[in-house]
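Proteins come first, then strands; the chains are lettered A, B, ... in the order of their sequence lines, and each starts at number 1.
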2 protein chains.
Amino acid sequence: MIPKELIYVTTVAQYGNISKAAERLFVAQPSLSRCILRIERDLGAELFKRTSEGLKPTFAGEYYIENANKIIRLYKELEIQFSNISNMHMGRLAVGTTTHLGSFALPKILANFTTRFPKIELSIVEGVSTGIEEEILKGRVDVGILHSPINNHGIKYTVIHEEKFLLAVPPDDPINEQAYFKDGGEGPYIDIQLTADRPYILTHTSQRTRQVTTKILENAKIDVKPRYLTKSIQTASRLVRDNLGFTLVPLSYCKLFGSAYSPNYYFIEEQYQPSWELVIAYSKDIPLSKASKEFNKIALETLPQLYDFPND
Amino acid sequence: MIPKELIYVTTVAQYGNISKAAERLFVAQPSLSRCILRIERDLGAELFKRTSEGLKPTFAGEYYIENANKIIRLYKELEIQFSNISNMHMGRLAVGTTTHLGSFALPKILANFTTRFPKIELSIVEGVSTGIEEEILKGRVDVGILHSPINNHGIKYTVIHEEKFLLAVPPDDPINEQAYFKDGGEGPYIDIQLTADRPYILTHTSQRTRQVTTKILENAKIDVKPRYLTKSIQTASRLVRDNLGFTLVPLSYCKLFGSAYSPNYYFIEEQYQPSWELVIAYSKDIPLSKASKEFNKIALETLPQLYDFPND
DNA sequence: AGGTCTTACGACTATCGTAATGATG
DNA sequence: CATCATTACGATAGTCGTAAGACCT
């Protein structure tokens, strides 16, 4: 709110008359009179000469009025911008995501978001899952698109989509023979126990794929022998194709990589919990901005479609 | 005074910590906390994200802080200028005076004033006495240097100097013969009654010299026959020299005109009140500014000296 | 336990409106 | 006497500080 003093003084100056100004300002005339006197007392200088023809600014008054007008203008700009902010005509949003999701999931969401809110500046922060979580906690990232599990209890999230992990098997490996089908299954299964004591190709420990893989293998009580470490699941997949070991790959990645120069992918039994979830994550402490809420809404509309791959 | 909101928000932003900011601002920490919350509520937008590492401005907050700083800067300028005004390091003063006094009395005062207060803008308004009085009432002139009598009771004044009016007599006129001297008199006297029924050269009715002259002649019960009207006493004086009539001239004017091509000047009896006063005049209603008071002081020191003419 | 921010409550002060007073034309 | 500014006074609302609560490290 604009300080009353400024409005009062400038309006009195404008009308040269306290009564008229009071009417215009919707205050009682004595109140305005007192207010002007108080301001003058506080400043230690007369702002108006009370002449028989009304109130006319003194030298000090002229200076005050000039500056008051400048200040009022700034206040009005501020108010306009705040109404813009609350109407989403301006704002800023930092979205954090992993490298893979940055190219896979984000583009569609961003396209929808910027179409709907073209005046919101979007900044994308890419990094590994744990790094993004850290950024969310610090408040440098407003919203993250990540995969569960999220163990950090400073972060809350909503689940968008659950996705299976598949076992990548070298095409030449004998265990291909033992693949089987299940009722209602989307494809061939294989028993992960067959890979016990066999080498695995893994991603780095800070990567969510590695964390999920580790968990699955733990569930299967398989003591992993890491053979290669890579940052990219796609690389891991190719290494499997070259018969260098096994790896676990999220379903969407398999589909995305296509069938050229790929290993064989098999579902594995539910008991090992071979899945992760795509989630939208926020700080638990920092209240959601309007922009964040809108982003959430758009993400919820957009993302599930991405997993309806065209049949090939 | 600078609005608290601005200071509060910017200080909190500066420290990123309400406790520290509260300490710095000499307010209780809960008060500051509440204050920030209230401001946010009023604006309808969060200004700070409360993160584990302290308070960090949101997008809206950044904008607010930026503008708040601009506004604070303007307020500070305003404060500085007001302190300048009260220390007479700046200001404006409108001085009104008659044409004659503008060249006779004013230069010395102005020189002293501007030496002492070089930063005060001085504006000089010249006009006839009644015009200047009008300007004083309207507040367009702060201080007037005028001659009494001032009949306008909206004006108050302090007397600087009293001055006699002298009768100007053509050198050839027979009444020169009847001049006489008095004990303690500064010069020759003449009986103004000798000019009864003789023509007079007068100034315009709006001029103070005319008003004083009229009064003196009334006091002497002389029914005037105006022969010529002029705006300048000097012109009148010359016309007297040319034997075209009589006129009454203030003493300082006589001395100023010098003796070349002058009529003869005679004192006249006190009973006709042949004098006026030099006064500094102000509006009764408009309180005196500091500059006006200082001007008054300097005028009181300066003006009396002007009437100590060097003996010639 | 020590730090932080927020909520609760009582006290105070500033500002308002109505009414009365003063000043002016 | 009509208009305008100022002073008087009671009511109200905003702001403060102290104390207590909530939360994180």
**Asked** Taking for each residue the nucleotide of DNA chain C with the nearest heavy atom, is it A:C35 or B:I36 whose nucleotide lies nearer the 5' end?
**Response** B:I36
**Complete:** With sequence neighbours left out, the residues meeting ring-ring contact (aromatic ring centres under 6.0 Å, His included) with B:F295 are B:F113
**Asked** Any sub-3.5 Å donor-acceptor pair from B:Q14's side-chain atoms to B:A21's backbone N or O?
**Response** no
**Asked** Rounded to whole angstrom units, what separation is found between the CD atom of A:E53 and the C1' atom of D:dT3?
**Response** 15 Å
**Prompt:** Can B:N67 and A:Y75 be counted as having a side-chain donor-acceptor contact under 3.5 angstrom?
**Reply:** no
**Prompt:** Do any side-chain nitrogens or oxygens of B:R50 fall under 4.0 Å of OP1 or OP2 in D:dC24?
**Reply:** no
**Asked** Atom CD of B:Q29 and atom C1' of D:dC16: how far apart are they, to the nearest Å?
**Response** 13 Å
**Fill in**
Atom CZ of B:F48 and atom P of C:dT6 are separated, to the nearest Å, by 11 Å
**Residues which pass side chain to side chain donor-acceptor pair (under 3.5 Å) with B:Q211, listed by chain and number, not counting sequence neighbours** = B:R208
**Asked** B:L32 CG to D:dG17 C1': how many Å, rounded?
**Response** 13 Å
**Request:** Using the side chain to side chain donor-acceptor pair (under 3.5 Å) rule, collect all pairs that involve residues 19-29 of chain A, keeping only residues at least two apart or in two chains.
**Result:** A:Y15-A:R24
**Prompt:** Whole Å only: how far is the CG atom of A:L137 from the C1' atom of D:dT25?
**Reply:** 14 Å
**Asked** Of all of residues 13-23 of chain B, which get a heavy atom below 4.0 angstrom from DNA chain C, listed by number?
**Response** B:N17, B:I18, B:S19, B:K20
For nucleotides 22-25 of chain C, which of its nitrogen or oxygen atoms have a protein nitrogen or oxygen under 3.5 Å away, and what is each distance?
residue : atom : partner : partner atom : Å
C:dT24  : OP1  : B:D285  : OD1          : 3.4

**Item:** Derivation and outcome, salt bridge (Lys or Arg N to Asp or Glu O under 4.0 Å), residues B:E40 and B:R50
**Value:** CA-CA 13 Å; B:E40 289 178 327; B:R50 275 75 167 172; 3.0 Å; yes
**Prompt:** Is there a donor in the side chain of A:E126 and an acceptor in the side chain of A:T99, or the other way round, less than 3.5 Å apart?
**Reply:** no
**Prompt:** Salt-bridged, B:K76 to B:E79, with N to O below 4.0 Å?
**Reply:** no
**Request:** State whether the side chain of B:N152 and the backbone N or O of B:G154 hold a donor-acceptor pair below 3.5 Å, judged by distance alone.
**Result:** yes
**Message:** Does the plane of the ring in A:W276 sit parallel, tilted or perpendicular to the ring in A:H147? Use 30° and 60° as the thresholds.
**Reply:** parallel
**Request:** Please determine if A:E62 and A:K49 form a salt bridge, counting it only when a charged side-chain N lies under 4.0 Å from a carboxylate O.
**Result:** no
Nucleotides 7-15 of chain D: which of its N/O atoms have a protein N/O under 3.5 Å away?
residue : atom : partner : partner atom : Å
D:dT15  : OP2  : B:R38   : NE           : 3.1

